[in-house]
Number of protein chains: 2
Amino acid sequence: MISMYKKYVKILKDHAIIITSPRLDILKFLDEHHTHPDVEEIYTSLKKKHPSLSRTTVYNSLEILKKNKIIQSLTISGSELRYDIKEGLHHHFLCKHCGRIFDISITCPNMNRTVAGGHHVEEVQGYFKGICKKCQTKEKERRNNG
Amino acid sequence: MISMYKKYVKILKDHAIIITSPRLDILKFLDEHHTHPDVEEIYTSLKKKHPSLSRTTVYNSLEILKKNKIIQSLTISGSELRYDIKEGLHHHFLCKHCGRIFDISITCPNMNRTVAGGHHVEEVQGYFKGICKKCQTKEKERRNNG
DNA sequence: ATTCTATTTTGTAATAATTACAATTTTGTA
DNA sequence: TACAAAATTGTAATTATTACAAAATAGAAT
Ligand SMILES: [Mn+2]
Ligand SMILES: [Mn+2]
Ligand SMILES: [Zn+2]
Ligand SMILES: [Zn+2]
């Protein structure tokens with residue numbers, strides 16, 4: 001049972017972060033859901049198995065995971081932060097129609113930049129916004145069938 | 001007096017947007033302040049010369065200017081939207097220390113992309129975050145002088 | 001210039017995301 | 001097992017943004 005968390009226990013230990021079940025659960029959730037959820041989605045999902053969970057704990061846990069660069073937050077939506085396990089730099093696409101956020105794997109010479117305009121760079125985020133593949137298909141079908 | 005607004009009147013006319021003084025003022029402000037201000041900064045500045053101005057009007061005006069692609073909003077900060085007159089695509093740098101946002105002119109092959117991962121792209125935003133040139137200098141001085 | 005109507009502005013109230021904070025609980029260590 | 005530091009919880013406060021209705025205004029028609 002606890003073995004399901006072994007991987008996440010190790011991550012926290014390696015970063016000298018105190019091991020708690022909210023932290024393990026959040027890490028596991030993000031590892032298993034690469035959908036870039038917001039706090040509310042994470043909270044609602046985990047609350048089912050862990051009814052005493054507090055929203056504040058989700059905020060706090062995400063904060064410490066982020067400070068340790070285990071996860072990253074995306075500001076792509078403009079209204080709420082989205083969270084992502086940090087494994088390999090990649091860019092993101094937000095569909096204005098369905099709201100989903102997709103990973104985009106494109107080569108980008110600026111991805112690993114440490115300097116830009118003379119400033120010291122610590123984070124790089126590439127955001128693309130438009131209409132996703134699936135929403136375009138649906139739209140075409142809607143036009144054809146009426 | 002009204003001639004100061006000629007340029008902005010033309011922009012609105014060209015887009016068939018009704019000409020109102022809040023819209024002209026906001027456009028002028030963004031044209032003269034390339035600091036990527038948020039709603040509050042715009043509102044506070046313009047309120048001085050135009051005391052009846054409402055915050056809601058600032059939100060509404062920015063919205064219509066954005067819909068017409070005259071301006072763009074940046075989600076870089078993660079807490080509030082920042083606004084920018086849209087003239088030539090460029091990337092942005094946010095200083096985590098002083099909070100300022102700078103234009104970054106770097107070549108980027110993805111800047112004019114219309115497709116990414118099979119999705120239809122309408123907007124591209126490149127965000128860099130770290131410590132700006134000036135804040136780094138200050139920090140060095142602080143360390144040297146004590 | 002005057003009238004008229006659609007659109008905009010204004011002010012206030014509502015909502016949504018996030019942060020602050022103090023009491024309670026838990027973790028890691030001794 | 002006992003203890004202190006750190007985390008979790010629940011609630012209240014704050015901040016950014018949106019909703020909405022009444023008053024004002026822009027632009028077209030007269
Ligand atoms: Mn991702
Ligand atoms: Mn800019
Ligand atoms: Zn979609
Ligand atoms: Zn700075």
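This structure is a prediction, so every number in the text was calculated from the model and none was measured. Numbered from 1 within each chain, the chains take letters A, B, ... in sequence-line order. The analysis underlying the following values was restricted to heavy atoms, covering all of them including side chains, and did not include hydrogens, waters or symmetry mates.
Residue A:T57 is in base contact, counting any heavy-atom pair closer than 4.0 Å across all strands shown. Nucleic acid contact for B:D38: none, since no nucleic acid atom lies under 4.0 Å from a heavy atom of the residue. Backbone-only contact: B:T20 has heavy atoms under 4.0 Å from sugar-phosphate atoms and none from a base.
In this structure, the NZ atom of A:K67 is 13 Å from the C1' atom of D:dA7, given to the nearest Å. Rounding to whole angstrom units, CD of residue B:E63 and P of C:dT9 are separated by 13 Å. Atom OH of A:Y43 is separated from atom P of C:dA16 by 16 Å (rounded to the nearest Å). The distance from atom CZ of B:R82 to atom C1' of D:dA16 is 13 Å, rounded to the nearest whole Å. One can place CZ of B:R23 at 9 Å from C1' of C:dT9, the figure rounded to the nearest angstrom. Note: CZ (B:R55) to C1' (C:dT8) measures 19 Å, nearest angstrom. Note: CD1 (B:I64) to P (C:dA6) measures 17 Å, nearest angstrom. When rounded to the nearest whole Å, the span between CG of A:D25 and P of D:dT9 equals 10 Å.
Annotation: the span from B:Q72 atom CD to B:E87 atom CD amounts to 10.0 Å, rounded to 0.5 Å.
Nearest to the side-chain atoms of A:E80 among the listed nucleotides C:dA17, D:dT17, D:dC20 stands C:dA17. Each of D:dG10, C:dT18, C:dT10 was ranked by its minimum atom distance to the side chain of B:H50; first place goes to C:dT10. Distance from the side chain of B:Y59 is smallest for D:dT18 among the nucleotides D:dT9, D:dT18, C:dT8.
Hydrophobic clustering, with ILVMFWY side chains joined whenever heavy atoms are under 4.5 angstrom apart, groups A:V39 together with A:I70. Under the 4.5 Å side-chain heavy-atom criterion for Ile, Leu, Val, Met, Phe, Trp and Tyr, A:Y127 and A:L94 are members of the same hydrophobic cluster.
The residue among B:I19 and B:L81 whose nearest nucleotide of DNA chain D is located toward the 5' end is B:L81. Residue-to-nucleotide proximity on DNA chain C shows that, of A:I18 and B:P22, the 5′-proximal contact is made by B:P22. Where B:S21 and B:T56 each meet DNA chain D at their nearest nucleotide, the meeting point lying more 5' is that of B:T56.
Shown here, C:dT29 forms a base pair with D:dA2; the pair counts as Watson-Crick or G-U wobble because both key distances fall under 3.5 Å.
If you look at B:H119 and A:F128, their ring centroids are not closer than 6.0 Å.
With A:H50 contributing its side chain and A:L46 its backbone, the two residues share no donor-acceptor pair below 3.5 Å.
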